[in-house]
There are 2 protein chains.
Amino acid sequence: MFSQTVEYALRAVVYLAAEAPAARTTAQMAETTKVPKDYLAKIVQGLARAGLVRTQRGVGGGVVLAKDPAAVTILDVVNAVEPIRRITACPLGLKAHGVRLCPLHKRMDNALAAVEEAFRATTLAEVLAEPTDSVPLCDGPRPERLTVRGKGAG
Amino acid sequence: MFSQTVEYALRAVVYLAAEAPAARTTAQMAETTKVPKDYLAKIVQGLARAGLVRTQRGVGGGVVLAKDPAAVTILDVVNAVEPIRRITACPLGLKAHGVRLCPLHKRMDNALAAVEEAFRATTLAEVLAEPTDSVPLCDGPRPERLTVRGKGAG
DNA sequence: AGGAAAAAGGACTTGCAGGTCCGATTTACG
DNA sequence: CGTAAATCGGACCTGCAAGTCCTTTTTCCT
């Protein structure tokens, strides 16, 4: 139902949010989130284009979350890599109804709307703050922090 | 978000429900629902395996809905061709948490649950009965009925 | 029996998501 | 300036969903 790319992007961003405002290399992200390293690099590029993360080349560089975790919703992340496409017109291509959807596609679009709403309702901060013994990403120990340089988040 | 196959299957089944208890050939279904004929044939096979439709070879044969439209939900159709796979275990493969999902995947699964619920809540009959000028499948006129033979639905 | 109409099913093609590899480019630091 | 560390970006590979085509099988009708 959700693509691998979406799954990977969410893991990556949640991880960055957990480490924020520290920067992490794609290699570090890949290892912790169990995402193929080179593929993650492409996904990160997309996240950067969408303004969700900032990247920094060269020695000491890496990837850092561009905003406050409380200001980023799951929907933001999903839409950055693979926008949820609501059904706005009859897929059969008949223009007989103009804007109105037929009952079937109305229901399908309602389902999409429900997903959108569920994702819009949760921020990264909320994911991290979950009052449970279960830590985000199903992972326990975190690697030691790297210092973040002035030119990133801070 | 939803695959083409799911979209096609829903169109096909809604069409059959509208024509029920008459039988239709895959060629007729394909034309009305604007689904590639040969591909629809494969999808129908899947629906038949799931018991949603009955097929009849030979002259005068075709496809007929196997149940009452009020007894078939959208979820039934979706699950017949491409089951919604809920997230029941941590996709990272860490067994540290056993059954409990991390906050992220909990949210994702919640979204899936919402879709499931939305689809479970609507039957084909309800789709057809929508009190609107907008007929199902965004289509207006229907082809003339074929008689259905005793050995199918009746 | 024979022909026509229908689904069944196998082989094949195509486009794209997911994934890999590697060189080019940018940057920090001694 | 040189080197190492990091992203960038292009080329490529692979498996699967989507779609096409054709033959076989079943069935009805005359």
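Both backbone and side-chain heavy atoms feed into the values below; hydrogens, waters and symmetry mates do not. Note on naming: letters A, B, ... go to the chains in the order of the sequence lines (proteins, then strands), and numbering restarts at 1 for each one.
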Exercise. Between dT7(D), dC22(C), dA18(D), spot the one nearest the side chain of Asp38(A), thanks.
Key: dC22(C)

Quiz item: Gln45(A) CD to dT25(C) C1': how many Å, rounded?
Solution: 13 Å

Quiz item: Of all the nucleotides listed (dA4(D), dT20(D), dA7(C)), which has the minimum atom distance to the side chain of Pro36(B)?
Solution: dT20(D)

Practice problem: For Gln4(B) and dA17(C), give me the distance from atom CD to atom P, rounded to whole Å. | Solution: 13 Å

Quiz item: Mapping Ala48(A) and Lys37(B) onto DNA chain D by nearest heavy atom, which one lands closer to the 5' end?
Solution: Ala48(A)

Quiz item: Separation of Glu82(B) atom CD from dA18(D) atom C1', in whole Å?
Solution: 12 Å

Quiz item: Expressed in angstrom and rounded to an integer, what is the separation of Met29(B) atom CE from dA6(C) atom C1'?
Solution: 13 Å

Quiz item: Would you say Glu31(A) has more than 12 foreign heavy atoms packed within less than 6.0 Å of its CD?
Solution: no

Quiz item: To the nearest angstrom, how far is Arg49(B) atom CZ from dA7(C) atom C1'?
Solution: 13 Å

Quiz item: The side chain of Arg57(A) lies closest to which of these nucleotides: dG18(C), dT25(C), dC22(D)?
Solution: dT25(C)

Quiz prompt | Nearest heavy atoms of Val64(B) and Ala22(B), plus distance in Å | solution = CG2-O, 3.7 Å

Quiz prompt | Among dA5(C), dA7(C), dT20(C), the one nearest Val59(B) by side-chain distance | solution = dA5(C)

Self-check item: dG19(C) phosphate, OP1 or OP2, under 4.0 Å from Tyr8(A) side-chain N/O
Solution: yes

I'd like a list of close polar pairs between nucleotides 12-16 of chain C and the protein, N/O only, cut-off under 3.5 Å.
none

Quiz prompt | Flag, side chain of Asp109(B) to backbone of Lys106(B), donor-acceptor distance under 3.5 Å | solution = no

Quiz item: Looking at dG19(D), dA11(C), dA8(C), which one has an atom nearest to any side-chain atom of Lys42(B)?
Solution: dA11(C)

Quiz item: Do side-chain atoms of Asn79(A) reach the backbone of Ile84(A) as a donor and acceptor pair under 3.5 angstrom?
Solution: yes

Practice problem: Check whether any side-chain N or O of Thr25(A) sits under 4.0 Å from OP1 or OP2 of dT7(D), and answer yes or no. | Solution: no

Quiz item: For dA7(C), does OP1 or OP2 lie under 4.0 Å from any side-chain N or O of Gln56(B)?
Solution: no

Quiz item: Phosphate oxygens OP1/OP2 of dT7(D): is one of them under 4.0 Å from a side-chain N or O of Thr55(A)?
Solution: no

Quiz item: To the nearest 0.5 Å, how far apart are CG in Leu16(A) and CZ in Arg11(A)?
Solution: 14.0 Å

Quiz item: dG18(C) P sits how many Å from Arg11(A) CZ, rounded?
Solution: 12 Å

Practice problem: Could you state the atom-to-atom distance from CD of Glu7(A) to P of dG18(C) in whole Å? | Solution: 11 Å

Quiz item: Is the backbone of Val63(B) close enough, under 3.5 Å, to the side chain of Arg24(B) for a donor and an acceptor to pair up by distance?
Solution: no

Quiz prompt | Short side-chain to backbone donor-acceptor contact, Arg120(A) and Leu75(A), under 3.5 Å | solution = no

Quiz item: Given atom CD1 of Ile43(B) and atom P of dA17(D), what is their separation to the nearest angstrom?
Solution: 12 Å

Quiz item: How about Phe2(A) and Phe119(A): are their ring centres within less than 6.0 Å of each other?
Solution: yes

Exercise. Check whether any side-chain nitrogen or oxygen of Tyr39(B) sits under 4.0 Å from OP1 or OP2 of dA17(D), and answer yes or no.
Key: no

